[in-house]
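Written out below as structure tokens is the structure these notes cover.
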Amino acid sequence: MDRRIGLFAWLSAAAELLIIATGGAVRLTGSGLGCPTWPTCTAESIVNTPEMGIHGVIEFGNRTLTGLVGILAVVVLLLVLRIRRERRDLFVLAAIVLGGVVAQALVGGVTVLTGLNPFIVGFHYVASVILVAVCAAFLARRVEPAGPRERAVPKAFAILTHVTTLVLAVTIVFGVLTTGAGPHSGDAASVRNGFDAQLLEHVHAWPGYALLALTVALTIAAWRGALPVRRWITALLLVELVQIGVGLYQARNGLPELAVGVHMVLAAVTAALMVVVVLRLKRVRVARSATAEQESLAV
């Protein structure tokens, strides 16, 4: 396979994470309306102007990065276009990323035009996390051969992994709702979602701790059974531990902006690792059959 596919796929995934970080910076610095209109920055200017100050620079910088994300997504799609027959999975994933980038640009415009509605802002973030997860799926499938897949772990382990994935999704959703009720609205004039932020902090923590407990159980089971997902599940556990540490720090220190931003990015990393773990629950059937045939010939 063309090595450029791997290179640009990694760059695309990194850019998706970077745009989450810069989007967080827009929100956490109160620059959400640094460019008050869309698709131009102001009614008279496509780009930010000196009079708009640092908020205009931050917001327009985030918008500019969307262009880079889109270019990388186009490059990846073009690179897999010629192998789309034998690697339909990669072509579909690349197409989803490109379509998602375009959709996200439109959602970003709606976010500005609605004065940073917290529910639309939350959806904007969740969609970005999903795009990171799709990029992770592309990277994971790229290093595997094409062909029918079969389960590579015990059925109970697979079921518990899918339950853990659901708990992670619930954790992220409540995290988004908690942020939407908190002080970081993106602009001083923006309204919040109306929920009790302190209550949501606790509600957000419950599935978070359940996620940690489930991941610990999966990690122990994976290493005891020498399962192929053991290293990935361990990486997931380590990121979750860091994420919980950051969450506790920000909750006890008045939600400092940098900690909240790191928490946002780590949530996307967690989702990406979870996707890889789920994909590693299966292996290509052809590869296993070939191994079995070689063993029988050796006998």
Is the closest side-chain heavy-atom distance between E44 and T49 below 4.5 Å?
no
Which residue, K282, R283, R149, forms the salt bridge (Lys or Arg N to Asp or Glu O under 4.0 Å) with E144?
R149
For V284 against P145, the heavy-atom pair lying closest together
CG2-O, 3.2 Å
Roughly how far, to the nearest 0.5 Å, is CG of L113 from CG of L33?
10.0 Å
Heavy atoms only: give me the nearest A271-V129 pair and the separation to one decimal.
CB-CG1, 3.7 Å
In Å and rounded to the nearest 0.5 Å, what is the CZ to CD distance from R84 to E86?
9.5 Å
Kindly give the heavy-atom pair with the smallest separation between Y125 and A268, and that separation in Å.
OH-N, 4.2 Å
Run T111 and L116 through side-chain contact (heavy atoms from CB on, under 4.5 Å) and show every step you take.
CA-CA 5 Å; T111 301; L116 306 182; 3.7 Å; yes
Distance-only polar pair, side chains of Q104 and S128, donor-acceptor under 3.5 Å:
yes
Under 3.5 Å, side chain of R27 to main-chain N/O of G261, donor-acceptor pair present?
no
Does the side chain of V170 come within less than 4.5 Å of V173's, by heavy atoms?
no
Are L65 and I130 connected into the same hydrophobic cluster when the rule is that any two of I, L, V, M, F, W, Y join if their side-chain heavy atoms are below 4.5 Å apart?
yes
Decide if atom CZ of F119 counts as having more than 12 heavy atoms of other residues, nucleotides or ligands within a radius under 6.0 Å.
yes
Where P36 and M52 come nearest, the two heavy atoms and their spacing:
CD-CE, 3.9 Å
Going through the checks in order, is the side-chain contact (heavy atoms from CB on, under 4.5 Å) test met by N48 and E59?
CA-CA 9 Å; N48 61 297; E59 166 63 8; over 6 Å; no
With no hydrogens and no angle check, is any side-chain donor or acceptor of R87 less than 3.5 Å from a backbone partner on R141?
yes
Could you tell me whether W10 atom CH2 has more than 12 heavy atoms of other residues or ligands within 6.0 Å of it?
no
Short side-chain to backbone donor-acceptor contact, T178 and L200, under 3.5 Å
yes
Is there a side-chain contact between F123 and V176 in this structure, where contact means two heavy atoms from C-beta onward sitting under 4.5 Å apart?
no
L160 with L227, same ILVMFWY side-chain cluster at under 4.5 Å:
yes
Is it the case that atom CZ in F157 sees more than 12 heavy atoms from other parts of the structure closer than 6.0 Å?
yes
Can you hop from V242 to M274 via hydrophobic side chains spaced under 4.5 Å?
yes
More than 12 heavy atoms of other residues, nucleotides or ligands under 6.0 Å from CD of Q198: yes or no?
no
Less than 4.5 Å apart, side chain to side chain, heavy atoms only: is that true for V277 and L218?
no
Determine the minimum heavy-atom distance between G32 and V112, stating which atoms define it.
O-CG2, 4.4 Å
Inter- and intrachain pairs under side-chain hydrogen bond (donor to acceptor under 3.5 Å, both in side chains), touching residues 221-230, at least two apart:
W223-T234
Report the distance from atom CG of N253 to atom CG of L248, rounding to the nearest 0.5 Å.
10.5 Å
Between S12 and F8, is there a donor-acceptor pair closer than 3.5 Å when you use the side chain of the first and the backbone of the second?
no
Take D89 and F138 through the test side-chain contact (heavy atoms from CB on, under 4.5 Å) and record every step on the way to the result.
CA-CA 8 Å; D89 56 339; F138 184 98; over 6 Å; no
Are L168 and I172 packed together at the side-chain level, in the sense that at least one heavy-atom pair is separated by less than 4.5 angstrom?
yes
Treating Ile, Leu, Val, Met, Phe, Trp and Tyr as nodes and any side-chain heavy-atom pair under 4.5 angstrom as an edge, say whether V278 and L139 lie in one connected cluster.
no
Just by distance, do the side chain of Q243 and the backbone of H263 share a donor-acceptor pair under 3.5 Å?
yes
Determine whether I20 and V239 fall in the same hydrophobic cluster, where Ile, Leu, Val, Met, Phe, Trp and Tyr are linked whenever their side-chain heavy atoms lie under 4.5 Å apart.
yes
Applying disulfide (SG to SG under 2.5 Å), which residue pairs with at least one partner in residues 40-106 are found, sequence neighbours left out?
C35-C41
CZ (R151) with more than 12 external heavy atoms under 6.0 Å:
yes
Which heavy atom of I96 sits nearest to which heavy atom of L131, and what is that distance?
O-CD2, 4.1 Å
Quick check for you: to the nearest 0.5 Å, what is the distance between T66 atom OG1 and N62 atom CG?
5.5 Å
Within the structure provided, determine whether E257 and T29 are in side-chain contact (heavy-atom separation under 4.5 Å).
no
Could you please spell out the steps behind the side-chain contact (heavy atoms from CB on, under 4.5 Å) verdict for H162 and L281?
CA-CA 10 Å; H162 291 305; L281 296 177; 4.0 Å; yes
Gap separating the CZ atom of R280 from the CD1 atom of I233, nearest 0.5 angstrom:
12.5 Å
If you round to the nearest 0.5 Å, how far is CD of E16 from CG of L11?
12.0 Å
